[in-house]
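Predicted, not measured: the structure shown is a model, and the values here were computed from it.
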Amino acid sequence: MQNYPDLLEKIKLRRKHLGLKQEDLAEISGVSLRTVKSIESNKGNPNILTLLKVIETLGMEIEIKIVEKE
């Protein structure tokens, strides 16, 4: 996830804005606490389904755009 520091920061800020601890986010999203901590510290490499669980739990959306290179 090193290429997406803005996304990771937004996840962390949103969690804090909602008044959730990392433990809360892990429990509600069904993702392990270890994974939540690794995502927020930019040390993890979660798969897209794990990331979607966290993002959706926080009331956020992620948009993936596929474009052809010329």
Side-chain angles (χ1 to χ4, degrees):
M1 295 291 308
Q2 285 78 16
N3 295 329
Y4 306 100
D6 291 343
L7 172 62
L8 304 178
E9 185 63 22
K10 287 179 183 179
I11 289 171
K12 187 175 184 177
L13 290 173
R14 178 69 175 169
R15 175 184 61 76
K16 288 183 175 187
H17 174 76
L18 294 173
L20 297 173
K21 295 183 280 185
Q22 289 178 326
E23 293 85 355
D24 301 327
L25 178 56
E27 184 177 334
I28 296 167
S29 67
V31 172
S32 73
L33 176 57
R34 180 184 206 172
T35 298
V36 170
K37 287 182 176 187
S38 69
I39 289 171
E40 289 192 3
S41 66
N42 199 14
K43 294 183 180 167
N45 189 19
N47 65 44
I48 190 69
L49 295 177
T50 299
L51 196 54
L52 284 173
K53 285 180 184 180
V54 170
I55 288 171
E56 289 175 355
T57 298
L58 294 171
M60 301 169 75
E61 293 181 356
I62 189 167
E63 185 176 297
I64 299 172
K65 187 175 182 180
I66 300 171
V67 295
E68 291 185 36
K69 290 185 176 182
E70 294 184 26

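- Transitive grouping of hydrophobic side chains (ILVMFWY, heavy atoms separated by less than 4.5 Å) brings Val36 and Ile48 into a common cluster.
- Considering every non-hydrogen atom in both Leu25 and Arg15, the closest pair reads CD2-CD, 3.9 Å.
- One hydrophobic cluster holds both Ile28 and Val54 under the rule that ILVMFWY side chains link at heavy-atom gaps under 4.5 Å.
- In this structure, the separation between CG on Leu13 and CG on Asp6 is 10.5 Å, given to the nearest 0.5 Å.
- If you take CD1 on Ile39 and CD1 on Ile11, they are separated by 6.0 Å, rounding to the nearest 0.5 Å.
- Glu40 CD to Gln22 CD: the interatomic distance, rounded to the nearest 0.5 Å, is 4.5 Å.
- Interatomic distance, Arg14 CZ to Leu20 CG, rounded to the nearest 0.5 Å: 9.0 Å.
- Among residue pairs with one or both ends in residues 24-36, those qualifying as side-chain hydrogen bond (donor to acceptor under 3.5 Å, both in side chains) are Ser32-Thr35; sequence neighbours excluded.
- Pairs passing the salt bridge (Lys or Arg N to Asp or Glu O under 4.0 Å) check and including a residue from residues 53-62, sequence neighbours excluded, do not occur.
- Cluster annotation: Ile64 and Leu51 are assigned to the same hydrophobic cluster (Ile/Leu/Val/Met/Phe/Trp/Tyr, side-chain heavy-atom contacts under 4.5 Å, transitive).
- Between Leu18 atom CG and Thr57 atom OG1 the span is 10.5 Å, to the nearest 0.5 Å.
- Interatomic distance, Lys10 NZ to Ile55 CD1, rounded to the nearest 0.5 Å: 10.5 Å.
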